[in-house]
Amino acid sequence: MREKLIEFRNVSFRYGEEEPWVLKDVSFDIYKNEWVAIIGHNGSGKSTIAKLMNGLLFPQEGEIYINGQVVNQDTIWDIRKEVGMVFQNPDNQFVGTTVQDDVAFGMENRGIPRDEMIRRIDESLTAVGMQDYRLTEPHRLSGGQKQRVAIASVLAISPQVLILDEATAMLDPKGRLEIMSTVSNVQDRNELSLITITHDLREVVQAERVIVMNEGVIWDEAKPREIFAKKDRLREIGLDVPFIATLADELNKSGLRISNEPLNHEELLEDLWTLHSKM
Amino acid sequence: MDITFKNVDYIYQENSPFAHKAIENLSFHIPSGSFVAVIGHTGSGKSTLIQHLNGLIRPSNGEVHIGDFRLTNDDKPKNMKELRSRVGVVFQYPEHQLFEETVAKDIAFGPENFGVYKRDIEKRIKEIIPAVGLSEELLERSPFELSGGQMRRVAIAGVLAIKPEILVLDEPTAGLDPRGQKEIMEMFYDLHQKENLTTVLVTHSMEDAVKYADHVIILNKGTKYMEGKPEEVLTQQEALNKVQLDVPEMIEFLYAFEKRFGLPIPFKRQSVKQLADEIQHAMKEAGSHE
Ligand SMILES: Nc1ncnc2c1ncn2[C@@H]1O[C@H](COP(=O)(O)OP(=O)(O)OP(=O)(O)O)[C@@H](O)[C@H]1O
Ligand SMILES: Nc1ncnc2c1ncn2[C@@H]1O[C@H](COP(=O)(O)OP(=O)(O)OP(=O)(O)O)[C@@H](O)[C@H]1O
Ligand SMILES: [Mg+2]
Ligand SMILES: [Mg+2]
């Protein structure tokens with residue numbers, strides 16, 4: 001049995017009594033050592049879910065459990081120690097006057113010894129390629145550099161739950177791949193739960209499970225391959241499928257029978273190769 | 001309006017121990033009416049470059065010309081306000097350009113500041129709101145009580161509302177959902193053609209660069225690394241890999257396909273459907289020859 005780390009039980013949320021509900025009866029579980037991607041149109045409630053997970057907001061209805069503990073005013077301080085989050089705009093989370101202070105900040109709050117802190121600052125900044133900027137003021141970084149530092153800060157605290165809210169949106173595709181492979185290595189090594197909120201379809205493919213939000217409700221929840229098989233229905237709710245899935249679809253229409261719902265280049269080339277050898 | 005950079009350096013915190021040269025000896029010319037994509041890895045100087053275009057910063061050395069406006073280190077145009085009314089910039093992070101109490105006031109701020117009549121502003125807002133995919137219900141909301149993608153759309157609306165001649169876009173689709181990314185790029189492209197704008201797009205999407213731009217400039221560590229037509233520059237995998245970039249995904253696939261099957265299929269900005277037909281055709285041909 002896999003260990004449940006996060007549980008949403010019939011959660012509904014709105015930003016004010018006069019405001020419309022932005023989450024409606026949302027329930028899901030996230031397990032230890034699992035990578036879940038949350039996707040959905042703009043305004044579908046993804047960031048709201050993230051903020052509920054670390055107690056920045058509280059639901060009006062339903063309960064949220066992190067590691068068996070219900071999230072409320074009394075438990076948030078404990079819970080935040082275990083939940084690391086990178087916000088959509090990194091400016092909203094910089095607190096240090098230099099990059100290295102910023103990475104140190106979260107560790108200081110968690111009482112990590114000095115020697116260990118120095119080691120982790122070094123390790124996490126190197127992991128995101130920002131080791132040369134440790135004395136720079138965060139607001140003097142480029143857009144993508146800010147995102148790299150924000151990710152380093154959260155890696156350094158080594159939380160049990162890591163939430164990345166469009167944390168790589170400003171990176172070039174190569175940088176995005178590198179950072180995500182760093183993050184996924186850390187996830188494996190520390191057996192943490194990784195939750196990525198993203199519009200990048202190539203990133204979604206790498207997750208084990210996908211939760212699709214639509215207008216505040218869970219529209220679907222399945223493995224990437226099952227999700228991306230619903231091509232037209234995804235497009236109807238403002239989403240899309242990766243280039244390779246679109247190409248496979250068009251190849252099918254043109255008479256080449258691609259049967260395995262390929263999601264990356266290697267898989268599609270492999271399918272074509274099988275066809276080729278039968279021609 | 002055309003844009004010219006002549007041997008431009010830009011140094012942050014010049015004359016301090018923290019001095020950092022973000023742009024070095026950069027020269028290029030963008031004729032009026034072009035659609036230019038500026039590409040480069042993290043920290044290569046893209047946002048620094050575009051901040052020159054509305055005079056937010058001035059070159060440390062060298063000269064920048066925007067139409068008749070000239071910017072140098074010791075000389076700025078007297079009519080800076082006019083420059084800003086003709087060059088609209090959508091910044092990388094939308095929060096940096098939102099500040100009013102309501103979405104409606106935020107969008108109206110630019111045109112009001114440049115003396116557009118209230119009635120006309122209202123008309124513009126009515127047109128722009130659906131074009132950027134926002135609903136009218138949000139107009140009275142604070143721009144800070146929106147989702148990331150909604151904020152992005154408000155920031156874009158605010159810039160379109162001034163009806164600029166030069167449209168400068170710093171990763172305008174970051175944070176938009178897939179449909180939004182497509183629709184907003186199509187909307188920019190339509191506007192570019194209809195209004196005969198000069199458009200400068202900073203992007204990490206090689207797909208958008210190849211689809212919409214007629215010219216690309218690749219930056220590396222603050223200097224110009226390559227420049228030319230997108231189909232010529234963005235197909236050079238080896239050269240791009242050297243500066244941390246890659247070709248568009250379709251081209252990446254075509255190269256891998258050729259390697260595997262020995263069947264070259266040239267890239268000519270074809271649609272996915274067209275590409276599928278070409279693959280089918282090439283494989284059939286090859287099969288019948290064996
Ligand atoms: N502080 C706030 N006050 C009032 N309403 C808000 C606030 N923040 C978000 N909303 C609204 O709640 C809804 C859900 O927003 P949320 O930020 O969760 O969306 P999202 O799925 O993260 O979207 P995006 O992809 O654009 O980031 C939206 O309709 C938004 O306008
Ligand atoms: N305000 C500032 N003060 C000092 N240095 C800065 C400042 N802003 C940017 N820099 C530095 O200048 C260089 C170029 O930054 P710029 O923001 O132009 O990069 P960019 O190409 O837009 O990158 P990204 O794709 O990450 O947004 C970077 O090394 C950055 O650290
Ligand atoms: Mg969000
Ligand atoms: Mg930038």
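Please read these numbers as outputs of a predicted model, since none were measured by experiment. Numbers restart at 1 for each chain; the letters A, B, ... are given by sequence-line order, proteins then strands. Reckoned from all heavy atoms, side chains included, excluding hydrogens, waters and symmetry mates.
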Enquirer: Taking all non-hydrogen atoms of both residues, which atom of E249(B) and which atom of F243(A) are closest, and how far apart?
Expert: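 Closest heavy-atom pair between E249(B) and F243(A): OE1-CB, 3.5 Å.
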Enquirer: List the atom of G143(A), the atom of Y93(B), and the distance in Å for their closest heavy-atom pair.
Expert: O-OH, 3.1 Å
Enquirer: Do other residues, nucleotides or ligands put more than 12 heavy atoms under 6.0 Å from K273(B) NZ?
Expert: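 For K273(B), atom NZ is not crowded (no more than 12 foreign heavy atoms under 6.0 Å).
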Enquirer: Are the side chains of P173(A) and D246(B) in contact, using a 4.5 Å heavy-atom criterion?
Expert: no
Enquirer: Does any non-hydrogen side-chain atom of L256(A) lie less than 4.5 Å from one of M283(B)?
Expert: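 Touching, per the 4.5 Å side-chain cut-off.
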Enquirer: Do N42(A) and R152(B) meet the criterion of a side-chain donor-acceptor pair at a distance under 3.5 Å?
Expert: no
Enquirer: Does F58(A), at its CZ atom, have more than 12 non-hydrogen atoms belonging to other residues, nucleotides or ligands within less than 6.0 Å?
Expert: yes
Enquirer: Just so I understand: if I count every heavy-atom pair under 4.5 Å between each of H281(B), Q150(B), R153(B) and chain A, which residue has the most?
Expert: R153(B)
Enquirer: At a 4.5 Å cut-off on heavy atoms, which part of D91(A) comes close to chain B: side chain, backbone, both, or neither?
Expert: side chain
Enquirer: Is the closest side-chain heavy-atom distance between L247(A) and M250(B) below 4.5 Å?
Expert: no
Enquirer: Determine whether R140(A) and Q13(B) make a side-chain contact, defined as any pair of heavy atoms from C-beta on separated by less than 4.5 Å.
Expert: yes
Enquirer: Got R260(B) and L272(A) here, is their nearest side-chain heavy-atom distance under 4.5 Å?
Expert: no
Enquirer: In terms of heavy-atom pairs under 4.5 Å, which option from D170(B), I279(B), L146(B) contacts chain A the most?
Expert: I279(B)
Enquirer: D240(A) and side chain to side chain donor-acceptor pair (under 3.5 Å): which single residue from K182(B), R179(B), Q181(B) fits?
Expert: K182(B)
Enquirer: Pick whichever of K278(A), K146(A), E178(A), E266(A) has the most heavy-atom pairs under 4.5 Å with chain B.
Expert: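 Of the candidates given, the most pairs with chain B belong to E178(A).
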Enquirer: Where does E236(A) contact chain B at under 4.5 Å (heavy atoms): side chain, backbone, both or neither?
Expert: backbone
Enquirer: Report which part of D165(A) has an atom under 4.5 Å of a heavy atom belonging to chain B: side chain, backbone, both, or neither.
Expert: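 The answer is neither part of D165(A).
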Enquirer: If you count heavy-atom pairs within less than 4.5 Å of chain B, which of L234(A), L171(A), D200(A), T198(A) leads?
Expert: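 Most heavy-atom pairs under 4.5 Å with chain B: L171(A).
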Enquirer: Looking only at heavy atoms, which two atoms of G43(A) and S147(B) are closest? And how far apart?
Expert: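 Nearest heavy atoms, G43(A) then S147(B): N-OG, 3.4 Å.
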Enquirer: Could you check whether any side-chain N or O of D172(A) sits under 3.5 Å from a backbone N or O of T42(B), counting only pairs where one atom can act as donor and the other as acceptor?
Expert: yes
Enquirer: Let me know if E166(A) has heavy atoms under 4.5 Å from chain B in its side chain, its backbone, both or neither.
Expert: side chain
Enquirer: Could you have a look at K253(A), E270(A), R176(A) and say which one has the most heavy-atom pairs with chain B under 4.5 angstrom?
Expert: E270(A)
Enquirer: Among A256(B), G175(B), G180(B), which residue has the highest count of heavy-atom pairs closer than 4.5 Å to chain A?
Expert: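 Between A256(B), G175(B), G180(B), the count favours G175(B).
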Enquirer: Non-hydrogen atoms of chain B under 4.5 Å away: do they reach the side chain of S254(A), the backbone, both or neither?
Expert: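 Contact with chain B: backbone and side chain both.
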Enquirer: How close do G43(B) and S142(A) get, counting heavy atoms only, and between which atoms?
Expert: N-OG, 3.5 Å
Enquirer: Under 3.5 Å, side chain of Y15(A) to main-chain N/O of E145(B), donor-acceptor pair present?
Expert: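 A pair under 3.5 Å: no.
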Enquirer: Determine whether H41(B) and K174(A) make a side-chain contact, defined as any pair of heavy atoms from C-beta on separated by less than 4.5 Å.
Expert: no
Enquirer: Which answer fits Q92(B), side chain, backbone, both or neither, if we ask what part of it has an atom under 4.5 Å from a heavy atom of chain A?
Expert: both
Enquirer: Are any non-hydrogen side-chain atoms of F253(B) and L269(A) less than 4.5 angstrom apart?
Expert: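 Touching, per the 4.5 Å side-chain cut-off.
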Enquirer: Does NZ belonging to K231(A) count more than 12 external heavy atoms closer than 6.0 Å?
Expert: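 More than 12 heavy atoms, drawn from other residues, nucleotides or ligands, come within 6.0 Å of this atom.
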Enquirer: Below 4.5 Å from any heavy atom of chain B, which atoms of L268(A) appear? Answer side chain, backbone, both or neither.
Expert: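 Looking at L268(A), just its side chain touches chain B.
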Enquirer: Among R235(A), K46(A), Q88(A), single out the residue with the greatest number of heavy-atom pairs under 4.5 Å to chain B.
Expert: Q88(A)
Enquirer: More than 12 heavy atoms of other residues, nucleotides or ligands under 6.0 Å from CD of E101(B): is that the case?
Expert: no
Enquirer: Between N89(A) and E95(B), is any side-chain donor less than 3.5 angstrom from a side-chain acceptor?
Expert: yes
Enquirer: Which distance, rounded to the nearest 0.5 Å, do you find between the CG of D177(B) and the OG of S44(A)?
Expert: 8.0 Å
Enquirer: Under 4.5 Å from any heavy atom of chain B, what part of T246(A) do you find: side chain, backbone, both or neither?
Expert: both
Enquirer: Less than 4.0 angstrom from a charged side-chain N to a carboxylate O is my criterion; do E252(B) and R202(A) meet it?
Expert: yes
Enquirer: Quick one: what part of H96(B) sits under 4.5 Å from any heavy atom of chain A, side chain, backbone, both or neither?
Expert: side chain
Enquirer: To the nearest 0.5 Å, what is the distance between CG (L251(A)) and CD (E278(B))?
Expert: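 Output value for this atom pair is 11.0 Å.
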